[in-house]
Amino acid sequence: QVQLVESGGGLVQTGGSLRLSCTASGPTVRTYAMGWFRQAPGKEREFVAIISVSGNSTLYSDSVKGRFTISRDNTKNTVWLQMNSLKPGDAAVYYCAARMWNPTSRPSDYDYWGQGTQVTVSS
């Protein structure tokens, strides 16, 4: 089992920045691809960004590409999501997720999820 804990959410003005962190624990954490997903009230959980086991490959949704950056440090068992130029439409609960080896953009493909961290963007 992999345990994921997110942090770094909060309230930010439109155009501002936040950096979310996800710390993972478990005996084989370094073999897991990681993803960030988000869910706003009344909407389905949606893909935001994914990163490969090595950190050498990333993919972003069209809505965040150019504004968000996903990264990881396997020596620290941590994944980050740097969010810049935030918009009101980015407001949601952000979730960190993990699955073995290969990253995908489908929430249903992921085996482990954190409890989420709230991001609020004022308009």
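Nothing fancy with the numbering, it's 1 onward along the sequence.
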**Complete:** Looking only at heavy atoms, the pair that brings M34 and A98 closest together is SD-CB, 3.5 Å
**Request:** Side-chain contact test, heavy atoms from C-beta onward, threshold under 4.5 Å: evaluate it for V53 versus Y32 and give yes or no.
**Result:** no
**Nearest heavy atoms of A33 and R72, plus distance in Å** = CA-NH1, 4.0 Å
**Request:** Using modelled atom types only, decide if a donor and an acceptor are shared between the side chain of S52 and the backbone of S57 within a distance under 3.5 Å.
**Result:** yes
**Pairwise side-chain contact, V79 with W36, heavy-atom cut-off 4.5 Å (strictly under)** = yes
**Item:** Common cluster, Y94/V5, ILVMFWY with side-chain heavy-atom separation under 4.5 Å
**Value:** no
**Asked** About how many Å separate OG of S54 and CZ of R30, when rounded to the nearest 0.5 Å?
**Response** 10.5 Å
**Request:** Measure the shortest side-chain to side-chain distance between L81 and M83 over non-hydrogen atoms and say whether it is less than 4.5 angstrom.
**Result:** yes
**Asked** In the hydrophobic cluster built from side-chain contacts under 4.5 Å, what are the other members alongside F37?
**Response** F47, I50, L59, V93, Y95, Y110, W113
**Message:** How close do S63 and R38 get, counting heavy atoms only, and between which atoms?
**Reply:** OG-NH2, 3.5 Å
When the side chains of residues 17-24 are checked against the rest of the protein, which donor-acceptor pairs come out under 3.5 Å, sequence neighbours left out?
| unit_1 | atom_1 | unit_2 | atom_2 | d |
| --- | --- | --- | --- | --- |
| S17 | OG | N84 | OD1 | 2.9 |
| S21 | OG | W80 | NE1 | 3.3 |

**Request:** I would like to know whether T104 and R106 meet side-chain hydrogen bond (donor to acceptor under 3.5 Å, both in side chains); could you show each step before the answer?
**Result:** CA-CA 6 Å; T104 82; R106 288 168 47 89; 5.7 Å; no
**Request:** Calculate, to the nearest 0.5 Å, the distance between atoms CD and CD belonging to E6 and Q118 respectively.
**Result:** 12.0 Å
**Any donor-acceptor pair under 3.5 Å from Q82 side chain to F68 backbone** = no
**Asked** Do you know the tightest heavy-atom contact between S123 and P88?
**Response** CB-CG, 4.0 Å
**Fill in**
Minimal heavy-atom distance between G9 and T117, with the atoms involved, is N-OG1, 3.1 Å
**Request:** Any chance you could measure T31, atom OG1, to M100, atom CE, to the nearest 0.5 Å?
**Result:** 4.0 Å
**Asked** Shortest non-hydrogen contact from L86 to R67?
**Response** CA-NH1, 3.9 Å
